[in-house]
Amino acid sequence: MILNSNQIQEIIPHRYPFLLVDKIVDLEPGKMAKGIKCVTANEMQFLGHFPQKHVMPGVLIIEALAQTGAVALLMEENNKGKIALFGGIKNAKFKAQVVPGDVLELKCEIVSSKGAVGIGNAEAYVDGKLVCSAQLIFAIDKDS
């Protein structure tokens with residue numbers, strides 16, 4: 001299943017400038033999602049991070065991974081129309097810088113899901129090289 005940015009916005013509430021997934025290229029609802037983020041120099045964060053040497057902030061790479069995982073969780077029938085919140089981040093590691101011109105390949109595999117909580121193993125790649133990995137904990141907002 002492939003989703004474009006308009007379809008992603010039907011699933012998660014993020015909007016410009018905070019929607020950090022351009023396309024979902026593979027999806028198994030409740031299990032896994034793969035996404036793409038095309039990094040450009042025109043993005044707001046590069047006004048201050050860093051004006052003299054643009055580097056995508058690590059927290060935004062983690063957020064892009066979380067948005068990818070949220071799509072997987074929220075495509076599950078019983079989670080449709082809800083919001084996925086951060087419940088935690090474990091073992092985040094950054095292996096290389098991400099800069100304008102890079103295509104960030106995002107993958108989040110849901111390894112555990114019980115009730116309103118899901119755990120995903122997330123990885124981001126550029127040109128096939130691992131640039132970030134983390135374990136993400138999701139909390140589905142039952143009031144959304």
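Both backbone and side-chain heavy atoms feed into the values below; hydrogens, waters and symmetry mates do not.
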So, for [X] and [Y], which heavy atoms are closest and what is the spacing to 0.1 Å?
X: Leu106; Y: Ala124; answer: CD2-CB, 4.1 Å
X: Val21; Y: Ala64; answer: CG2-O, 3.6 Å
X: Ala70; Y: Ala84; answer: CB-CB, 3.8 Å
X: Asp102; Y: Gln97; answer: OD2-O, 4.0 Å
X: Lys82; Y: Asn78; answer: NZ-O, 3.4 Å
X: Ala134; Y: Ile62; answer: CB-CD1, 3.7 Å

For the atom pair [atom1] ([X]) and [atom2] ([Y]), what is the distance rounded to the nearest 0.5 Å?
X: Leu136; Y: Glu63; atom1: CG; atom2: CD; answer: 9.5 Å
X: Leu73; Y: Cys108; atom1: CG; atom2: SG; answer: 7.5 Å
X: Lys31; Y: Ser113; atom1: NZ; atom2: OG; answer: 11.5 Å
X: Met56; Y: Thr40; atom1: CE; atom2: OG1; answer: 10.0 Å
X: Glu28; Y: Ile110; atom1: CD; atom2: CD1; answer: 11.5 Å
X: Gln9; Y: Tyr16; atom1: CD; atom2: OH; answer: 13.0 Å

message = So for atom CG, which belongs to Asp127, do other residues, nucleotides or ligands contribute more than 12 heavy atoms lying within a distance under 6.0 Å?
response = no
Identify whether [X] and [Y] are in the same connected component of the hydrophobic contact network (ILVMFWY, side-chain heavy atoms under 4.5 Å).
X: Val71; Y: Phe86; answer: yes
X: Ile83; Y: Leu19; answer: no
X: Phe18; Y: Leu3; answer: yes
X: Leu85; Y: Val117; answer: no
X: Ile12; Y: Leu65; answer: yes

key: Identified side chain to side chain contact (heavy atoms under 4.5 Å, CB included) partner of Leu20 from the options Leu60, Thr68, Ile61   = Leu60
Under a 4.5 Å cut-off applied to non-hydrogen side-chain atoms, are [X] and [Y] in contact?
X: Ile89; Y: Gln135; answer: no
X: Leu104; Y: Val126; answer: yes
X: Lys37; Y: Gln67; answer: no
X: Met1; Y: Ile24; answer: no

task = Please answer whether the main-chain N or O of Val55 pairs with a side-chain N or O of His49 as donor and acceptor at a distance below 3.5 Å.
result = yes
request  = Check the angle between the aromatic planes of His54 and Phe46 and answer parallel, tilted or perpendicular using the 30° and 60° thresholds.
outcome  = tilted
